[in-house]
Amino acid sequence: MHSIDTMSALVQPHQVHRDIYISQEVYRLEMQHLYRNAWIFVGHDSQVAKKGDYYTTQIGDQPVIMVRHSDNEVYVLYNRCPHKGTKIAIDRQGNTGKFFRCPYHAWSFKTNGCLLAIPLKKGYEGTGLGETESAKGMKPVGAVKNHRGFVFARLAETGIAFEAFFGDSLSSLDNMVDRSPAGRLEVAGPPLRYMHKCNWKMLVENQTDTCHPMVAHESSAGTAVKIWDEMGNPEPRPMAMQIIAPFMSPYEFFEEMGIRTWPNGHGHTGVHHSIHSDYSAIPGYFDAMVASYGEDRTRAILGENRHNTVYFPNIMIKGPIQQLRNFIPLAADRTLVESWIYRLVDAPDMLLARTAMYNRMINAPTSIVGHDDLEMYERAQEGLAADGLDWVNVQRLRTGPEDFDAEAIENGTTERQMRNQFDAWVKFMAPQPAAAARAAE
Amino acid sequence: MHSIDTMSALVQPHQVHRDIYISQEVYRLEMQHLYRNAWIFVGHDSQVAKKGDYYTTQIGDQPVIMVRHSDNEVYVLYNRCPHKGTKIAIDRQGNTGKFFRCPYHAWSFKTNGCLLAIPLKKGYEGTGLGETESAKGMKPVGAVKNHRGFVFARLAETGIAFEAFFGDSLSSLDNMVDRSPAGRLEVAGPPLRYMHKCNWKMLVENQTDTCHPMVAHESSAGTAVKIWDEMGNPEPRPMAMQIIAPFMSPYEFFEEMGIRTWPNGHGHTGVHHSIHSDYSAIPGYFDAMVASYGEDRTRAILGENRHNTVYFPNIMIKGPIQQLRNFIPLAADRTLVESWIYRLVDAPDMLLARTAMYNRMINAPTSIVGHDDLEMYERAQEGLAADGLDWVNVQRLRTGPEDFDAEAIENGTTERQMRNQFDAWVKFMAPQPAAAARAAE
Amino acid sequence: MHSIDTMSALVQPHQVHRDIYISQEVYRLEMQHLYRNAWIFVGHDSQVAKKGDYYTTQIGDQPVIMVRHSDNEVYVLYNRCPHKGTKIAIDRQGNTGKFFRCPYHAWSFKTNGCLLAIPLKKGYEGTGLGETESAKGMKPVGAVKNHRGFVFARLAETGIAFEAFFGDSLSSLDNMVDRSPAGRLEVAGPPLRYMHKCNWKMLVENQTDTCHPMVAHESSAGTAVKIWDEMGNPEPRPMAMQIIAPFMSPYEFFEEMGIRTWPNGHGHTGVHHSIHSDYSAIPGYFDAMVASYGEDRTRAILGENRHNTVYFPNIMIKGPIQQLRNFIPLAADRTLVESWIYRLVDAPDMLLARTAMYNRMINAPTSIVGHDDLEMYERAQEGLAADGLDWVNVQRLRTGPEDFDAEAIENGTTERQMRNQFDAWVKFMAPQPAAAARAAE
Amino acid sequence: MIPSRDDLIDFVYAEARMLDEGRYDEWLALWMPEGIYWMPLDYKQTDPDLITSLLYEDQFMLRLRVERLNGQRTFSQKPKSRCHHVIQRPFVDLHDPDANRYVTNTSMHYVETRLDEHFLLALTATHELVVAGGALRIANKRVELLNSDAAFGNIQLLP
Amino acid sequence: MIPSRDDLIDFVYAEARMLDEGRYDEWLALWMPEGIYWMPLDYKQTDPDLITSLLYEDQFMLRLRVERLNGQRTFSQKPKSRCHHVIQRPFVDLHDPDANRYVTNTSMHYVETRLDEHFLLALTATHELVVAGGALRIANKRVELLNSDAAFGNIQLLP
Amino acid sequence: MIPSRDDLIDFVYAEARMLDEGRYDEWLALWMPEGIYWMPLDYKQTDPDLITSLLYEDQFMLRLRVERLNGQRTFSQKPKSRCHHVIQRPFVDLHDPDANRYVTNTSMHYVETRLDEHFLLALTATHELVVAGGALRIANKRVELLNSDAAFGNIQLLP
Ligand code: FES
Ligand code: FES
Ligand code: FES
Ligand SMILES: [Fe+3]
Ligand SMILES: [Fe+3]
Ligand SMILES: [Fe+3]
């Protein structure tokens, strides 16, 4: 039987216990602690562009609504009527006008959650309803932060502050947004929704697992290269080949790519270059950028080719192509992956077309590359049931003690970022220091 | 972790804890205590009209058989062979003749459960089979009562007596039966079977929830009224309109309707009038009643227009239309609703035709009114997963302490009956007093 | 709540507690103890005839691979990569050549499990990988024994030895193999895979339950006899009738058949004769046997007509027709039954044809005889949910204390073999004596 | 106008498509004023009147059902359900121009989905058709679910 | 009598309907005396004899199967199962009047239900038909389940 | 050559069978060089370009997909998946020989299985066909899943 006190025993510097992946008890503890204490991605504010627009989603296992209030701010409320618990909204998105109205007994609430009206209100005179939590309306989550359009929330009332949690890792998010001449992104269509019968952490670890592509994706990328060969390598290579071929890059490529880790479990691959480096230039884009930023700044922005940036605990972004993947934990052995793409405002459509192609080619339930990966995850979820070995190894390129509170850049094939995530996992599974709490006020 | 001792803490006078609806542990405790201690509806004796007729069903999570024995009494037996546990009957109903025969090794039992014969019985000579429980045959439940055709049972050997449990609430059941000129009902066909992904108590509470129809059913009843309007309100209104239109009655209508509560969690809406009041008279029915009862008694019987009577814990009847709904708890978040209708013996078929229409229009899985309600329940079951608020509010029109041991009549929009149910819930979840036990002997 | 210490309380000499069948906790304890301590059937070595051939299966709830190593021995390895847990093989069978290669990061292993190579191995220099379990490769199970082609394994490192566990019960297995003029069997095609929503032990007990055929199979065998009658009992009876008719044999037939029990839960029906006795002779078979064994030995081999031999805990073989049934426990209420058949090397095909017919007629998901049995098991699994009675009776022909450490032969309708199984169940659920452990070295 | 057997068959295919594409006004226009849509509850049920059915609806009820689907306050349809038929070639069981009666029998699978849920119903539909106003019309439609007596969650659209 | 391609197709539709409506005597009468109903166990199985099949039944076994369904002591059929086919238009793979051999290939879904359980099988049936006594008859029928090697619970009626 | 309506219908039946029988070379040969296989992600999606689709593949991608299925290192296909279609008779929505444009609309169920898992998709396929080289060819194929916006596991073969 697991309890919050036994969690740290599941993580050793060089290996982690399989229960972290297969125990439903550990999953429940993650929902109660990790997903309450950490800052979790909720959505993009362009999904709720107009006042009254709302979007229903979840934080960990908590149903929430992201909504644009009349003060034009984005609020995140628990999707739960304070009367009898009915979900206020079920549609994935919509516009509720000036207020929410519960469909069961028509209690209504302002779009910041405050109770607005109760039909036949006199029925509550003298009942003391005013003293109950119910009278306060729809409860907001502990804290919300809209960082350049990306909305994050912390369920816990108190805890680490947004800036303290993400620190310099925000540079990846900023670079993704800076790539818009207008410095703004807009969500482009609905996300892919891909169900995985495995633990959510396997997916997060895979984002910086640079030793698997040439092996696991040989079937897709390798075959693509082979066919192209047979066709005599005609140039220019179409977008599809530009996207899929780099998955077959040799180990050296990934070693030199480099990996950077930041405190609190964040990190990214592609410090020096990435599989996105050699995408052919899109006519008109560079000029549009220069017009906005000037040439030096433009070169600096586009010079970054970070591959995958992991924001602990459960999202990954690809700055160069404006993609965000959300690894939503549904159970110890069940994860829903949403893959979102964004439009660079004022940039040529062709960039978005390439991003859309990347998304469907690599991350769709129908994607051959996706099939390669999912097969590995589901095999591992089943394999970990074997008593042969209780531990999962994460010690590649760990030659001594590591300090994860310090930013570091290492060889691109290190598993340090996986270790960094587990260091943060232990930290945010534990009760949070009051100090941090105060800091957050 | 919940235990029987923590149950009372889940209920406060004005609100109840969400675990009462979403915790599977609480569900198991309900099956082990509440559904053992209380009197539970089993079936109608017209379902087993002839000797040897049987009907298989459940009490809580216990599989049982209701059977007509050779003494013409109705028995309720556990559906379990005392040899190796095989269910004796699987069909929903049938006739087993003079005895049950287990399909596995052919042990046979009288229709009162007593062991009748064992093939190759000599194999048990000198084994001491006689001292085992198995030798007794199919075990009967703790107590059975057939009240004017409606069969109830208590699983526990000892406990509260039938009359003490239901008291004056039986007046609703009696009125339903009295509406037959012959003073007898007969089941009319199979029940609707409607699966709900929610807790059973949400459905029971809904039966006296008079503040939801005009809101939740606006989509169905409101649209019906609108269409009828567009058609110019032709008279006479067809049965369908008579049935559905009253769901749009204003709050005043429901306030004045009144609610009565009885001890042990029973109660009903429609003290003074109900949505069934204005059903047009059926030719010949009144005369048939007068012929049986005389005019005064007939007016008294038909004068009652009780809307929904809840028999705690999990059935509801509509006297005026001879409908019974059974809310069968399958899990914390799963409830099977069976909706039964009965024929008034010696009354015109047209009454039964209206009842059949009501049943399919309002309570079928294909019913637009049913869709309105189920949506609310399932939304609430999901919404209660939100940590935003731990309590469900039930305090409408509760202005002070309440004594549920006393019958009371209140404004029709009170939530007192819901509170009454939770008062009884705590009472019958707890160990039962030996006194009551003695009383039951 | 159950624990390993409470297990013995579930078994009494004449009855067993229903939790043995319906408690998921008991199931988990069985996986952790019984299926670790006992010798479990893995497969037949003809399924992995050539070096590099592998077959994926499970022991209890443990995924394993049976593989033919370069030393020509059969190894049984946990199907789990020591890097991150990925299952090494998913196909039901195949040939992996000289080594296994993990599909995720290409670690490779010899076919005896030893680590062969790691890509970019320098990444582990100075990490201490060598000191981890992971560096050892794919872990083999505790012990493996190939008895005349039938491969058994014990997960526990130490424990009872193969010979001590099976003792004289191997005579049934030997007789099945001896029936080949070459003294060798070969698997014939894939097994039937039949899913049962019941506990695995119900199926094992049924193998020596001689009081059910004439009752439960009246619908199939009885009808066959009736139809044949109507056809005027033409002779010779076709194979199908020879196979199905004996299921309707009278109680006397089964009484006289006799049952033998061996220590550690093994036993068989058909000491003196069986439902397989009267199969018509197959031309050429007897001569082929005599050519190999001489006439006396041949008569001795074919004289045995053992019906069902149960090898505790979870397989049954039918020597006379070379069938093996594996009752694979998936959950307390879920069992997958695999029914395998084998070819008698150097015997006429007609014997195998009859065996194949037996397998499909009696043990297929589409078999009318199989339908009879499954209905009983699933009814019992549901019936045991009834609180009416906590115990399952197994006392037929138990007139006094029994010593299961001594081989015994009794009346064919005794339930002694069921009791023998439960005696062994208690023994191997308990911690194993160090003595036995030493013996095993 | 005398419909050929193929006309009858084409009509049944076309009706299923209307339902799948949500062309309800067109669909309602297919019905005769007295037409009844019947979905029995009991297996092989013969009495529509004195025992419960799943559906036994006249044109008023069908219109109500259809208009409700698009109501602003129809919460069980926010988001909307979608449905889909795969029908086997209809059998023409009766082709009687003189009596102006035509009957088809059609095995089909019906799938309904909403959010991430979906379910499949195996059913057999019997269409009673007549020619009126020069076109085929539905006099009555009976839909028998293979497991009509099983427990169901919401079935919100029309097979 | 020489059957047209449509005759063959109609025959396959009609056979499926007989099974769904439980008209087993009619169904048995469709078979030639030597006819075999084969449902392989192994995917693309070629040998019916020396490895296991799910079904490989002659007329005696089929008759036994059918009579058992109505037996008083057939507990696995109390209550009864029901089945339902939705079949795609059959392909006529062979139409050889001279050899009196006709072969059709039919994709179909088969649903079987009992109490609150039901399951769907995706399968392809191959009918070998001949003309005998002036009517089409089943010489052999092969039913390939898409996942024939998967684990199944009871399959009690006939696809 | 001017295809009849039945030719169009037969073509759609034949295409589904090729996929079920894994005759991929034949299947690829059905396509026009510019042909696109489109499976939208959003319900009623109109833009294939600037929002995500499930599939939007040209002949190169389709060939890659097909060749990968047989690769020695294609682990997600060891063991292989199998698929199966049951399609309703296609509607011929456009039959325009002059423009050499033909459009069919086909409701179908697609089942894919691997090991003990299997799933069913309800979908509607729109085929744009043309006559080229004296035979019908696929100019474009659009496959709309009824629940295209639902969450799916692997869909490895082609509806
Ligand atoms: S539950 Fe929301 S108003 Fe009652
Ligand atoms: S289980 Fe009922 S007679 Fe044996
Ligand atoms: S998981 Fe097997 S090599 Fe990495
Ligand atoms: Fe990958
Ligand atoms: Fe309601
Ligand atoms: Fe048996």
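Every chain is numbered from 1, with letters handed out A, B, ... down the list of sequences.
- Contacts with chain B were tallied for D/P48, D/G71, D/A150, D/S148; D/A150 has the most, counting heavy-atom pairs under 4.5 Å.
- With a 4.5 angstrom heavy-atom cutoff, B/Q323 does not touch chain D via any of its atoms.
- For the options B/E375, B/M376, B/M241, heavy-atom pairs under 4.5 Å to chain D are most numerous at B/E375.
- Looking at B/L336, the atoms closer than 4.5 Å to chain D (heavy atoms on both sides) all sit in the side chain, from C-beta outward.
- Of the two parts of B/R343, only the side chain, counted from C-beta on, holds a non-hydrogen atom closer than 4.5 Å to a non-hydrogen atom of chain D.
- In terms of heavy-atom pairs under 4.5 angstrom with chain D, the leader among B/T223, B/I244, B/T366, B/I341 is B/T366.
- For D/L41, the part sitting under 4.5 Å from any heavy atom of chain B is the side chain, from C-beta outward, and nothing else.
- In this structure, chain D has no heavy atom under 4.5 Å from any part of B/P238.
- Minimum heavy-atom separation, B/A356 to D/I51: CB-O, 3.9 Å.
- Contacts from residues 151-159 of chain D to chain B, taken as heavy-atom pairs separated by less than 4.5 Å, involve D/A151, D/F152, D/G153, D/N154, D/I155, D/Q156 in sequence order.
- In this structure, D/R68 pairs ionically with B/D372, as a charged nitrogen and a carboxylate oxygen lie closer than 4.0 Å.
- B/L352 touches chain D through backbone and side chain together, each having a heavy atom under 4.5 Å away.
- D/L69 places none of its side-chain heavy atoms less than 4.5 Å from the side chain of B/I368.
- Residues D/D149 and B/R193 are not in side-chain contact: their nearest non-hydrogen atoms beyond the backbone lie 4.5 Å or more apart.
- For B/M357, no part lies under 4.5 angstrom from a heavy atom of chain D.
- The CG atom of D/L64 sits 8.5 Å away from the OG atom of B/S219 when rounded to the nearest 0.5 Å.
- The closest donor-acceptor contact from the side chain of D/T52 to the backbone of B/N359 lies at 3.5 Å or more, if one exists at all.
- Heavy atoms closer than 4.5 Å to chain D are found nowhere in B/H196, neither backbone nor side chain.
- No side-chain heavy atom of D/Q77 sits less than 4.5 Å from a side-chain heavy atom of B/H371.
- A salt bridge is absent between B/R360 and D/E57: the closest approach of a Lys/Arg side-chain nitrogen to an acidic carboxylate oxygen does not fall below 4.0 angstrom.
- With a 4.5 angstrom heavy-atom cutoff, B/M350 does not touch chain D via any of its atoms.
- Contacts between residues 94-130 of chain D and chain B, counted as heavy-atom pairs separated by less than 4.5 Å, involve D/R114, D/E117.
- Contact annotation: the side chain of B/E230 approaches that of D/R63 to within less than 4.5 Å [non-hydrogen atoms, C-beta and beyond].
- By the 6.0 Å contact criterion, CZ on B/R184 is open, its count of non-hydrogen atoms from other residues, nucleotides or ligands being 12 or less.
- Taking every heavy atom of both residues into account, D/F75 and B/V215 meet most closely at CE1-O, 4.3 Å.
- The candidate with the highest count of non-hydrogen atom pairs below 4.5 Å against chain D, out of B/A364, B/P190, B/A188, is B/P190.
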